[in-house]
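The analysis underlying the following values was restricted to heavy atoms, covering all of them including side chains, and did not include hydrogens, waters or symmetry mates. This is a predicted model, so every value here is computed, not measured.
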Protein chains: 2
Amino acid sequence: MVHEYLVKNNIKPLYNRVKVLEYLLDKQNHPTVDEIYNDLVKELPTLSKTTVYNTLKLFLQANLVRLITIEDNETRYDVNIPNHGHFKCEECKEIYDFTIDIDGVETEELSQFKIKEKSVYYKGICPGCLNKKN
Amino acid sequence: MVHEYLVKNNIKPLYNRVKVLEYLLDKQNHPTVDEIYNDLVKELPTLSKTTVYNTLKLFLQANLVRLITIEDNETRYDVNIPNHGHFKCEECKEIYDFTIDIDGVETEELSQFKIKEKSVYYKGICPGCLNKKN
DNA sequence: GGATACTCTTGTAATCATTACAAAATTATA
DNA sequence: TATAATTTTGTAATGATTACAAGAGTATCC
Ligand SMILES: [Mn+2]
Ligand SMILES: [Mn+2]
Ligand SMILES: [Zn+2]
Ligand SMILES: [Zn+2]
């Protein structure tokens, strides 16, 4: 449960925080701050966008969420699940998850480096959009 | 030679364009627009930042360069070389290239997807910064 | 419970990278 | 050389993110 999960990660489970994390867990949507804010403000009319930013920064520091920076002009957020990459469709802009065993790839060049985080982003066209083109 | 390389890619080899591409090829630096501009303006005093943006956009469309979006607040550029990933050191902020055979990784989940571009970003601490810490 | 201190939230203003745009300069075409 | 097309430039507009201070909420202690 989200409440306990926050406590376990040393984050006070305040109302807004629970709502933001629940949002990220429910909609596996890779949302922007604007999307999070616009959806949540319906339920939480006094919510401010700054709070969404603050909350996400807190979650980032605690490694509960991670940034998705496929595009240089849109920052998206995702719950932090290991061994999954992201595919962004150039047509419909949808972001798909896919499992990838990136830890299984050899990178002996980096043997002296301390690796803390790995990101894999693909771009292209999704099956749905490929079909529409034919 | 840069001049011919541009011609071959259907890009008029105008003076600024040659300079920007040479800059990217010489300094394997993964520079920001600001860094490119600030360095080149020494040689090209009338250069404008808009031109740097325009030129890079052109190169992107022609697939001569690619975006590096490791951080959400800094867009960097790199000459487009296949099968290499980027490691960014959290301490010194340096971005290191490393070779990675990402095409060798199985992703049968994406068998119906048309993949056009793959990016791999790691974060952590580089050997130099690890040493300083001890 | 009530006073006090601490933390969180909010709204507005500031910042900064990028884009839009139109005029000036350059280059190509005839 | 004239004319058209493209490129460059400088400035203004945009938009996402951050800074900041006041207000609201929460915890602690008596
Ligand atoms: Mn995801
Ligand atoms: Mn590189
Ligand atoms: Zn699609
Ligand atoms: Zn370092």
Which of the following nucleotides, [options], is nearest to the side chain of [X]?
X	options	result
Leu14(B)	dC8(C), dT27(C), dT17(D)	dT27(C)
Thr75(A)	dT18(C), dT17(D), dG11(C)	dT17(D)
Tyr53(A)	dT10(C), dT17(D), dT18(C)	dT17(D)
Leu47(B)	dT9(D), dT18(D), dT18(C)	dT9(D)

Practice task
Look at the side chain of Thr55(B) and the backbone N and O of Thr51(B), then say whether any donor-acceptor pair between them is shorter than 3.5 Å.
Solution key: yes

Handout entry: Side-chain (Gln112(B)) to main-chain (Cys126(A)) donor-acceptor, under 3.5 angstrom
Key = no

What is the distance, rounded to the nearest whole Å, between atom [atom1] of [X] and atom [atom2] of [N]?
X	N	atom1	atom2	answer
Asn54(B)	dA20(C)	CG	P	10 Å
Asn10(B)	dT6(D)	CG	C1'	16 Å
Glu71(B)	dA16(D)	CD	C1'	16 Å
Arg17(B)	dT9(D)	CZ	P	12 Å
Leu58(A)	dT18(D)	CG	P	14 Å
Lys57(B)	dA17(C)	NZ	C1'	13 Å
Leu67(B)	dA17(C)	CG	P	16 Å
Leu44(A)	dC8(C)	CG	C1'	14 Å

Exercise for the section: With DNA chain D as reference, determine whether Lys49(B) or Asp72(B) sits nearer its 5' end, using the nearest nucleotide of each. Expected result: Lys49(B)

Practice task
Please check the phosphate of dG11(C) (OP1 and OP2 only) for any side-chain N or O of Thr50(A) closer than 4.0 Å.
Solution key: no

Practice task
Would you tell me if any nitrogen or oxygen in the side chain of Asn73(A) comes within less than 4.0 Å of OP1 or OP2 on dG15(D)?
Solution key: no

Touch class at under 4.0 angstrom, heavy-atom based, for [X] against every strand present:
X	value
Asn16(A)	sugar-phosphate
Lys12(A)	sugar-phosphate
Thr32(A)	nothing

Practice task
Check the surroundings of atom CD in Glu90(B): do more than 12 heavy atoms from other residues, nucleotides or ligands lie under 6.0 Å from it?
Solution key: yes

Handout entry: Upstream residue (5' side of DNA chain C) when Glu74(B) and Tyr15(B) are each assigned their closest nucleotide
Key = Glu74(B)

Problem - Heavy-atom donor-acceptor pair, Ser48(A) side-chain to dG11(C) base, under 3.5 Å - result: no

Handout entry: Ring centre gap for Tyr96(B) and Tyr122(B) strictly below 6.0 Å
Key = no

Completion exercise
Partner of Arg76(B) under salt bridge (charged side-chain N to carboxylate O under 4.0 Å, His left out), picked from Glu35(B), Glu94(B), Glu71(B), is Glu35(B)

